[in-house]
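On a predicted model such as this, the values are computed, not experimentally measured, just so you know. Order of listing sets the numbers, starting from 1, for every ligand and every atom in it.
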Amino acid sequence: MSATDTSRKPQRPYVLGIETSCDETAAAIVSADRQILAHRVLSQIDDHAEFGGVVPEIAARQHITHLDKLLNSLMEDAGLGFDDMDGIAATTGPGLVGGLMVGVMTAKAIAAASGKPFIAVNHLAGHALTVRLVEEVSFPYLLLLVSGGHCQILSVTGIDSFRRLGSTIDDAAGEAFDKTAKLLGLGYPGGPKVEAEAALGYAARFKLPKPMVGKPGCDFSFSGLKTAVRRLAEECVEKEGILTKSDRADICAAFQKTVGDCMIDRLKRGIALFRDEVGNGTFPLVVAGGVAANSYLRGRIEKLATEHNLRFSAPPLDLCTDNGAMIAWAGLERLRANPDIDDRDEAPRPRWPLDTDAKPMVGKGKKGAKV
Ligand code: KG4
Ligand code: ZN
């Protein structure tokens with residue numbers, strides 16, 4: 001987690017944020033002047049590794065087991081009590097419902113006992129607003145939100161104002177990394193493993209399809225890429241009897257480069273669309289979510305921003321993947337905008353799109369839009 005400058009006296013409000021939507025039990029306290037007063041992230045990677053992905057029941061059980069202790073340690077780290085907080089925020093969706101229930105019920109109980117408001121936070125808004133915790137980034141900005149469950153280009157014009165310009169029509173970017181890692185036997189979670197392998201590989205050895213590149217709009221597609229990776233791996237095995245270390249590294253490098261090519265193509269279109277929306281002025285180009293922890297992809301997007309005379313902003317690597325500070329910060333932004341906020345009647349929402357007017361691209365089920 002990013003270093004906290006504890007030399008300044010933090011300014012109120014202070015908000016406690018709890019994140020339990022997937023496989024990280026996390027909590028943090030942030031202050032209005034962008035200090036992280038305490039933070040804890042407990043990863044469940046080892047609990048899910050043998051299954052090659054997150055098992056919802058195991059995740060919920062681990063959150064129940066660890067959240068209380070994690071919160072006690074967090075408050076000790078900060079030297080503060082729940083009574084010192086000005087608001088208690090928790091991820092209320094989207095995510096795995098069992099985990100969401102643990103975080104939301106705990107946060108509501110703390111809020112009720114300490115007489116502080118409960119603040120319901122959309123996990124994606126948490127990712128989207130994290131840059132503002134780290135540096136002065138004002139609205140409007142163009143956001144590429146890339147995580148395990150999402151891949152979207154969004155126009156962000158306020159803390160609660162998101163317009164989806166593009167989205168994946170099938171797999172999310174992180175999902176593509178995770179599936180590639182799984183089929184190459186690299187384990188879980190795939191993103192960092194594929195990135196490490198790719199650094200050893202030669203991307204130009206293989207040519208992979210670039211779904212959606214050149215198409216109008218700025219939607220993404222990654223499921224074809226995953227199938228192409230599988231075929232490549234099978235071809236290598238057919239030729240050589242095994243998948244050698246260099247095959248694996250070269251496939252990862254080619255895969256990562258192709259994801260980068262797709263992102264750059266789609267972002268170029270997103271920039272043009274956003275320019276039309278906000279006039280000809282400049283705006284920050286922001287990338288957030290777990291996949292934004294990929295240094296190669298960050299580098300390419302930063303270069304794109306420079307070429308378009310746009311300021312590039314991204315959270316530090318440890319604030320890209322799920323954490324409590326992003327939820328505390330989004331909660332703080334909501335509390336600041338509405339000091340009378342009271343979300344105690346909000347229930348966990350497994351699906352909760354940022355842009356509620358956008359048509360669902362994936363998961364058009366009864367429960368509403370997934371992406
Ligand atoms: O934001 P996040 O922690 O959780 C969700 O909200 O989904 O994102 C997790 C995703 C996983 O798919 C993981 O493989 C991916 O982010 N990820 C990465 C990297 N680190 C995490 N993908 C590519 N390169 C990385 N270094
Ligand atoms: Zn996330």
So that I can check it, does any N, O or S atom in His150 come closer than 2.8 Å to the Zn ion (ligand 2)? no
N, O or S atom of Cys22 closer to the Zn ion (ligand 2) than 2.8 Å: no
Would you please classify the geometry between the Phe139 ring and the Tyr141 ring as parallel, tilted or perpendicular, with 30° and 60° separating the classes? parallel
Any heavy-atom pair between the side chains of Val134 and Pro316 that's under 4.5 Å?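 Side-chain contact under 4.5 Å: yes.
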Heavy atom to atom 4 (O) of ligand 1, shortest distance: which of Val291, Thr180, Asp322, Val259 holds it?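 It is Asp322 whose heavy atom sits nearest to atom 4 (O) of ligand 1.
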If hydrogens are left out, which of Asp23, Leu124, Asp178 has an atom nearest to atom 13 (C) of ligand 1, that is, the closest non-hydrogen atom?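 Selected option, by shortest heavy-atom distance: Asp178.
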Is the closest N or O pair between [X] and ligand 1 shorter than 3.5 Å?
X: Phe177; value: no
X: Gly174; value: yes
X: Glu24; value: no
X: Pro189; value: no

Please list the nearest protein heavy atom to [atom] with its residue and the distance rounded to 0.1 Å.
atom: atom 10 (C) of ligand 1; value: Gly148 N, 3.4 Å
atom: atom 26 (N) of ligand 1; value: Glu195 OE1, 2.8 Å
atom: atom 18 (C) of ligand 1; value: Gly191 CA, 3.4 Å
atom: atom 8 (O) of ligand 1; value: Gly290 CA, 3.3 Å

Is the shortest distance from a heavy atom of His123 to ligand 1 less than 4.0 Å? yes
Can you find a non-hydrogen atom of Gln256 under 4.0 Å from ligand 1?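 Per 4.0 Å heavy-atom rule, Gln256 does not contact ligand 1.
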Only to 10 degrees, please: what angle do the NE2 atom of His127 and the OD1 atom of Asp322 make about the Zn ion (ligand 2)? 100°
Contacting atoms of ligand 1, where contact means under 4.0 angstrom from a heavy atom of [X]:
X: His127; value: 1 (O), 6 (O)
X: Thr321; value: 3 (O), 21 (C)
X: Gly149; value: 7 (O)

For His123, what is the atom name of its N, O or S atom nearest to the Zn ion (ligand 2)?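 So the atom name we want here is NE2.
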With Phe177, which of Tyr188, Tyr296, Phe255 fulfils ring-ring contact (aromatic ring centres under 6.0 Å, His included)?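 It is Phe255; the other options fail the test.
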Is it the case that the side chains of [Y] and [X] hold a donor-acceptor pair, with the cut-off being a distance below 3.5 Å and no angle test?
X: Thr25; Y: His66; answer: no
X: Ser138; Y: Glu136; answer: no
X: Ser221; Y: Asp170; answer: yes

Taking every non-hydrogen atom, the tightest pair across Ser114 and Asp83: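 Smallest interatomic distance, heavy atoms only, reads CB-OD1, 3.4 Å.
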Minimum heavy-atom separation for Ala314 and Phe312, please, with both atom names.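 Reported closest heavy-atom pair: CB-CZ, 3.8 Å.
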Does Tyr202 have Arg205 sitting over its ring (NZ/CZ under 6.0 Å from centre, angle to axis within 45°)? no
Are the side chain of [X] and the backbone of [Y] linked by a donor-acceptor contact shorter than 3.5 Å?
X: Arg334; Y: Ala120; value: yes
X: Asp84; Y: Gly81; value: yes
X: Asp86; Y: Tyr14; value: yes

